[in-house]
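Note: hydrogens, waters and symmetry copies are ignored here, and every other heavy atom, side chains too, is used.
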Amino acid sequence: MAVKIAISGFGGRMGRALAQAVTQAQGVELSAAVVRPGSSLVGADAGEVAGLGRSGIAIVDSLAEADFDVLIDFTAPAATLDNAAHCAKQGRPIVIGTTGFDAEQKEKLLSHAGTIPLCLASNFSTGVNLCFSLLETAARVLGEESDIEIVEAHHRHKVDAPSGTALSMGEVVASTLGRDLDRVAVYGREGQTGARERDTIGFATVRGGDVVGDHTVMFMADGERVEITHKASSRLSFARGAVRAALWLKGRGLKGEELDGDRAAGHYDMRDVLGLN
């Protein structure tokens, strides 16, 4: 039986990419499409809105009206918190691609992982998550002798900066080197900044056009530098990864359940899904 997938944030670019990814994947089906309350899309056919042909699924503006096994949520922090609380109450796993949470919001969000399987990732691309593992290796080998800078570029509509992926890359590098990213991160430079401190990790942000997502981490030493770069040309790379995560989460189990020994409710990320952790 196919896993029923609900998509929250269906009216956005990512929501439509997710719908396409669900239709292309085996073992899943789109069962619900959710938009913000009051959206003009309420009542429209989800398949037609996504450019996939008539589906017979009417778009709704409340998760309470949705029938699903797993929710995929790419919305905004406040909406995601509400949706995660609903999933926890209903005993449904959730895949979260929303970024921009503050510390308090993230703590509240992860509290639901004690009840349901929850996969939270700044980026669901297979390539980006491979880069995370490559960054660990590069940081171990080069990090103490290199200046480390992270450059990211996204489309003009992205509202948070630096991107969640860039921050995750910084966290991977800082953690590998035993540094606290909150203390060593430098977000942009202007004026007489003085000489660069070796332990810092710099971030530079570019916004414009329709760039889906480019990220480069530079390890710059005297005489050489190593750059690890990922460039996304389509949101489908993220969408396919999120659908893969949804299938993986469906096999986890809820709090108090024992499925295949070690499967249980908890906080996971895409590297768990890919077996890279």
By the salt bridge (charged side-chain N to carboxylate O under 4.0 Å, His left out) test, which pairs, at least two apart or in different chains, include something from residues 199-220? E152-R207, R179-D199

Does M1 sit in a hydrophobic cluster with other residues, and if so which ones, taking ILVMFWY side chains as linked at heavy-atom separations under 4.5 Å, directly or through other members? none

Taking the side chain as every heavy atom from C-beta outward, state whether R16 and V49 have any atom pair closer than 4.5 Å. yes

Nearest-0.5 Å distance, NE2 of residue H267 to CD1 of residue I96: 8.5 Å

Working to the nearest 0.5 angstrom, can you tell me the gap between S31 OG and D69 CG? 7.0 Å

Just how far is it from atom CD1 of I116 to atom CG of L249, taken to the nearest 0.5 Å? 9.0 Å

In the structure I gave you, are the side-chain heavy atoms of T23 and L30 within less than 4.5 Å of one another anywhere? no

Residue K158 excluded, over 12 heavy atoms near NZ under 6.0 Å: yes

Using a 4.5 Å cut-off on heavy atoms from C-beta on, say whether the side chain of T99 contacts that of S163. no

Is any side-chain heavy atom of D147 closer than 4.5 Å to one of R198? yes

Checking one residue: L134. Which other hydrophobic residues are in its cluster under the side-chain 4.5 Å linking rule? V128, L130, F132, L135, V141, L142, I148, I150, L167, M169, V172, V173, L177, L181, V184, Y187, I201, F203, V217, F219, V226, I228

Would you mind listing every salt bridge (charged side-chain N to carboxylate O under 4.0 Å, His left out) that reaches into residues 182-193, with sequence neighbours excluded? E149-R189

What pairs of residues pass the ring-ring contact (aromatic ring centres under 6.0 Å, His included) test when at least one of them lies in residues 40-74, not counting sequence neighbours? F74-F124

Determine whether the side chains of D45 and S55 contain a donor N or O and an acceptor N or O closer than 3.5 Å. yes

Enclosure of R225 CZ (heavy-atom neighbours >12, cutoff 6.0 Å): no

Could you tell me if the side chain of T126 sits less than 4.5 Å from the side chain of R244, heavy atoms only? yes

Taking only residues two or more places apart in sequence or in another chain, which ones pass side chain to side chain donor-acceptor pair (under 3.5 Å) with T98? D73, T80

Is any NZ, NE, NH1 or NH2 atom of the basic residue among R36 and D61 found under 4.0 Å from an Asp or Glu carboxylate oxygen of the other? no

Within 6.0 Å of CG in D222, more than 12 heavy atoms from elsewhere: no

Is the CD atom of E145 crowded by more than 12 outside heavy atoms at less than 6.0 Å? no

